[in-house]
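Worksheet: one structure, shown below.
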Amino acid sequence: MSGVRRQREPYTGGAEAMAYVRDEIVPALVAAFGDGVVPLETPFEMPQVQVAPGQLAAVARWLKDRGFNMLVDVGGVDYLPRKPRFEVVYHLLALPQLWRLRLRVPVEEDEAEVPTVSDVWPSAAAAEREVWDLFGIRFAGHPNLTRILMPDDWVGHPLRKDYPLQGPRAQLPAHAAERNRYHAPKLPGDPPGTAGLPGGAKGGK
Amino acid sequence: MDTVGLVLVRSVILAVALASLFAGMTVIERKVLGYFHLRLGPTRTGPWGLLQPLADAIKAIVKEDIIPRDADRLVFRLAPIISVFTALAAWSVIPVGPPVEVGGVTVPLAVADPPGGVLVAVAFTALSVYGVTLAGWSSQSKYALLGSLRASAQLISYELALGLSLLGVLMMAGSLRLTEIVAAQERLPFILLQPLGFVVYFIAALAESARVPFDLPEAETELVSGYHTEYSGMRFAMFMMAEYIHMITASTLVTLLYLGGWNGPAFLPPVAWFLVKLGFMLFVFIWLRATMVRLRYDRLMDLGWKVLLPLAILNLVATAVITVFVA
Amino acid sequence: MLKALAKGMGTTLRMLFRRKPTIAYPYVKKERSARFRGRHELRRYENGLEMCIGCELCQVACPAAAITVMPAENDPERPNSPGERYAWKYEIDMLRCIFCGLCEEACPTEALHLTREFELADFTRESLIYGRDRLVNQHTSPFQVPRNVYPDYRGWRPVHEPEEGHGEAVEAAGEGAAPEVPGVDRTAGAEEARPA
Amino acid sequence: MRQVVRSGDYDLDLEELVIEGEGDRMTLSVGPHHPSTHGVLRMVLEIEGERIVKATPEVGFLHTGIEKTAENLTWQQAITVIDRMDYLAPLSNNLGYVLAVEKLLGLEVPPRARILRLLFTELQRMASHLLWLGTTALDIGSQSVLMYAFDLREGILDLFEEASGARMNPSYFRVGGIAQDIPEGFEDMCRRFLDRVPERIREIRNILDENPIWLDRLKGVGVISAEDAIAWGVTGPNLRACGVPYDVRKAFPYAGYDEFEFDVPVGENGDCYDRYVVRMEEIMESYRLCRQALARLPRGPVMVNDRKIALPPKHEVRQSMEALIHHFKLVSYGFDVPAGEVYQALESPRGEIGFYVVSNGKNKPWRVRVRGPAFYNVFAMPVMMQGALLADMVAIIATVDPVFGEVDR
Amino acid sequence: MEMTNNQFFLTSVEKFVRWAQKSSIWPLTFGLACCAIEMMNLVSPRYDMAQFGAEVFRSTPRQADLMIVSGRLSNKMVPVIEQVYRQMPEPKWVIAMGACASSGGIFDNYAIVQGVDEVLPVDIYVPGCPPSPDAVLYAVLKLREAIASGQAHGGVMRA
């Protein structure tokens, strides 16, 4: 054993830290940015605020300076048919302090664009590419906003709610269904008195 | 008297014996390595899986032979032949036992036993680098190219240490003829007189035959398969054959030069002693493969030039001094 | 450094002589756990009636949509199952199936059961769509449902206490593989299993 | 220098690639089918000789659409796809997802279920780290360690098979508890397995720990500083190897981890060797946790006593009309989950895995966003690869331990 | 696999060659997802495919005989797998291991190819998610028999 190893005291006390964020940091954030930032109710301990897209870059800097040094995640949500349709959700973490904060940035469908935060937290670069790939939300100022998970020549953004689950295959004619017999509807000549639903369809939900 | 006919007969016997030894070696390695790995290795092909190499060989022969579009076709075909030829040729001077009397004729147990036997063997081993280099270069694939570059650099840098550590033995034996070197170890094997030289020689030989932990030229996880990435079927099998014969050659040379060859207590015939020692060396090779991890390329070079070479020179000087003053 | 090397070499050398855990596969097969989720089967009651009543719950529960059930009315003279309906057509696409066991949980009569059979590979996709002919347990099947498949389903009793009361259902399931005895009336257990 | 090299076998480009170099720079595309990329990572490297000048990871070759598929399944069914995301630690995924849904539902699982979940998650962590150890050793050249690690891991898979019926992807945890209680004799089996662990781990460490070549390959290679690691979102053993003692189990305790005693191994240098030692120590911490969990496993139910969530037991379905109706409703429709959104973080073997689950009050999740730790770890790899050698790339990819099912989802 | 109709006259050489081919199936390390882990288990001490001379996992397609497609095949991976398959020399065989490779499995969605046989000729399908290593061994054995009886010709299964 090469004596460099030691069991250091781990960080503990996340719950109190989140209460601190709720009671101290969020009010300070709201005070600093006015109506650009709206605190939302926090049903499950993690504090969350709604940030206007125009303010996001400034809010990100402000939070980074206050100690939120890790951007845990960037994800999109499609709230079709709500308006504004999309939401980009940022989860932040401050490491020694164990603060957590969620930023929710509503995005309109027509101008689906949010400023990038990859210059504040480098980890955002890849995650923002993923949001662009799957939701079609652009990130202004991103150094390399290209598709990341889907092939480069893919059409459409799969995680949008109006994108069919089967993708382009959903429009394919019946020969595909022929091969995947278990997805084919019931055939004529099936016995009378059957009350079953077409195979595979989770009807009635 | 040695006649041309006898030499030819011995050559054929040697070629056949080596080919079967290579085949046997593959299955033995797979089985022994398997046992090291807590598993059994080939068991189903023939009794105890002994026919496995036969199946592998036949399969390789009937396999489609692919030559990449951009490859240099002539060189691409030539490279495995060079490899196998040099590997086999090294054996032309290696004796496996003392000369025997057959029908009144004294027959050496080698194809030839020239006065410069050691040099010939070492030279042919070193020549194998051409096969490897040409294979990587002609494949026109980046992985193969990197693999062959590594191989040639590795072989060249370890050749020096190998040769220098060998000189100690040659000085003590006072001969370049392998039978005489063995004869000089009748009382004490050179491993006891030349421990440092043995260690250097053994590591260098390991590196020369590109075995773990020196298997960089074909480091699977980095270079896919190294220099023979683009080779398939029989040509690939030829590279494997060359590699295994190199391993056998290296073990044989260690046996002959340091372990006393076929010398040993009389309850076993000389050839059996030779085979026992050879088998032990081969086992050590496999054992190392089961234990070691792969060196990094730059460390390999460091080890060759900065550690082994000075040690070999030190060994050489020390041997020279001792030989001069004691004798 | 030499000591470390020797330690490593010694460890591997010891491995050389350790007992090998290898299974000589086609001759010796690994003992599968009682809960192993392998090929499906549709079980029968002791009297030969199928336990499946064609309720299609398995089809709905399957996340991979691998199951197709088409029920039909039972002929009252020669019923196939104790219920009103039976599975006229029952297909499982073994290649779609992910062997998650949700169908087994969904089956209200415990007709569908995942056996311990895992050797299913075949040459065509079509041959791996299992129909009733291969799913309904034939009486020659050696499979016996082990008792601890449902030692306590869903924790309604403290575990590891002697079974009582509702053990009959498990018993009946366990004997589902028993030989078909034609002409025998439905047993009480089968009656009880009718859902409505 | 202008050199024409046919694109390597593993490039996507089928055309000839002309390399124009300043000096001897050439582009080497490693993967997506390459033995050391641990799946389907594609690393586009610019190398000078064997030195890496620039590394660009390219992911997405295993994009499975798990998030979208989960939106089309009921809450309970979605567990099966969540399983198949991080395929080295399906139970960690399971746990994160069910905890998130249980938060939305306001459910409290019975204590036996909670401790069993902890036990299985820790067994899963051991299995995942063992597989990581084996593949890393293989990448660096030791086949034997792969075999020894697999041999030990096999014992964990046996335990999974015994309890859930599947070796991998067991889908064992359910919203509200556990699919089935552990079978009789499982605890003894588990103890027998655990008895073997310290000895086997010690053997493996005998082979590796002081092996000069192993140290040489790992020490000082792939260094990332704590600041960089945090900035790039690195979590898990990779972050702890940099000296940051952040472990979600301690920081934001879930599933009852706060009742258990365990340490968080922390490295110092943030190099490959620290990542190796941290993981090896974590195996032993998981071992401790498993021992404790077994020792204090209470009796009782393993599923909540709520007929709107948990399937009724089979014998009741056969006897009671009410149970049958519940059964049909639960299987065919599932259950509604109150609208809201929740983020559940959890320490998977690779780091903080986060489930951001959005419900619109219906029987299917509206959105399941997964924060894959490996996704962020992969994109921090270029930082570690600055100036490394080609052979170091292998060590770096291996010790970062990406799992592409989780990166690409 | 029993020879149902003995219409083929097998010379002993052919038989010998087929015996060699079936006894020395070298797989390609082509791991995609969950199944890849179980595929690695094939060489692990317990299952030990080496018994059949098939533990020699080659990482270059040039030297492999058998591609075990282990895991889900995404649309983005299709060109890669096609190229790797083309690089394998004849005769070559493909095992579609697991639900995803065989039919898309649970992932009937935009990203996953619904069965690798849309891209490659598949010889044998192994159900399971993932199939346990012995289930794959069963497939390998079945494939061996098909090779020995001359039925398996790289994706075209002849009677």
Side-chain angles (χ1 to χ4, degrees), chain C residues 12 14-33 35-41 59 61-68 91-104 114-130 134-135, chain E residues 1 34 42-52 55 72 93-109 114-118 121-146 151-152 155-159:
Chain C
T12 42
R14 272 207 306 281
M15 294 291 187
L16 195 58
F17 303 107
R18 179 171 287 177
R19 209 173 58 79
K20 307 287 178 276
T22 306
I23 299 173
Y25 166 67
Y27 310 126
V28 185
K29 285 175 188 169
K30 181 178 173 282
E31 184 60 29
R32 287 290 174 196
S33 120
R35 293 179 177 179
F36 186 77
R37 304 200 294 246
R39 185 178 73 83
H40 310 62
E41 68 170 7
Q59 172 179 321
C62 181
I67 305 180
T68 310
E91 271 186 5
I92 299 183
D93 183 354
M94 287 294 164
L95 289 178
R96 278 274 169 197
C97 175
I98 55 166
F99 299 91
C100 60
L102 287 185
C103 47
E104 190 180 16
L114 298 179
T115 66
R116 285 188 273 186
E117 192 182 328
F118 57 88
E119 294 163 318
L120 302 171
D122 210 340
F123 295 113
T124 56
R125 269 170 90 149
E126 287 70 29
S127 63
L128 279 160
I129 297 176
Y130 280 30
R134 280 187 281 180
L135 288 173
Chain E
M1 193 111 356
C34 330
L42 278 177
V43 294
S44 77
R46 184 182 286 172
Y47 299 101
D48 191 20
M49 203 158 64
Q51 293 180 78
F52 311 103
E55 92 278 30
R72 45 216 188 221
W93 298 278
V94 177
I95 290 183
M97 176 180 174
C100 305
S102 305
S103 71
I106 192 172
F107 300 112
D108 183 11
N109 62 20
Q114 299 298 301
V116 69
D117 50 2
E118 295 187 359
V122 174
D123 287 275
I124 189 161
Y125 300 85
V126 192
C129 193
S132 68
D134 26 7
V136 186
L137 272 185
Y138 174 74
V140 171
L141 287 182
K142 212 165 171 176
L143 182 65
R144 274 165 59 104
E145 294 313 310
Q151 284 172 298
V156 191
M157 201 55 71
R158 292 182 199 150

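Letters A, B, ... are given to chains in the order of the sequence lines, protein chains preceding strands, and every chain is numbered from 1. Predicted, not measured: the structure shown is a model, and the values here were computed from it. These numbers come from the heavy atoms of this one structure, side chains and all, not from hydrogens, waters or symmetry mates.
Across every non-hydrogen atom of C/Leu95 and E/Ser103, the tightest pair is O-OG, 3.0 Å. Shown here for C/Ala64 and E/Ile106, the closest heavy-atom pair between the two residues is CB-CA, 3.8 Å. In terms of heavy atoms, C/Ile23 sits closest to E/Gln51 at O-NE2, 3.2 Å. The shortest heavy-atom contact between E/Cys129 and C/Phe99 is N-CD1, 4.1 Å.
Note that CZ of C/Phe118 is 5.5 Å distant from OG of E/Ser132, once rounded to the nearest 0.5 Å.
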Determine whether E/Arg46 and C/Lys30 satisfy the following criterion, side-chain contact (heavy atoms from CB on, under 4.5 Å), listing intermediate values before the conclusion. CA-CA 10 Å; E/Arg46 184 182 286 172; C/Lys30 181 178 173 282; 2.9 Å; yes

Dump the intermediate steps for side-chain contact (heavy atoms from CB on, under 4.5 Å) on C/Arg125 and E/Ser102, then the final yes or no. CA-CA 8 Å; C/Arg125 269 170 90 149; E/Ser102 305; 5.8 Å; no

Apply side-chain contact (heavy atoms from CB on, under 4.5 Å) to C/Phe123 and E/Val122, showing your working. CA-CA 8 Å; C/Phe123 295 113; E/Val122 174; over 6 Å; no

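In this view, C/Thr124 and C/Ser127 satisfy the side chain to side chain donor-acceptor pair (under 3.5 Å) rule, not counting sequence neighbours.
Within the structure, salt bridge (charged side-chain N to carboxylate O under 4.0 Å, His left out) pairs that include any residue of residues 125-135 of chain E comprise C/Arg32-E/Asp134 (at least two apart or interchain).
When C/Lys29, C/Glu119, C/Lys20 are compared by the number of non-hydrogen pairs under 4.5 Å with chain E, C/Glu119 comes out ahead. Most heavy-atom pairs under 4.5 Å with chain C, from the set E/Phe107, E/Phe52, E/Tyr125: that is E/Tyr125. Between chain C and the residues E/Ala101, E/Ala139, E/Gly128, E/Ser44, the largest count of heavy-atom pairs under 4.5 Å involves E/Gly128.
Both the backbone and the side chain of E/Leu137 come within less than 4.5 Å of a heavy atom of chain C. In this structure, the portions of C/Leu120 lying under 4.5 Å from any heavy atom of chain E include both its backbone and its side chain.
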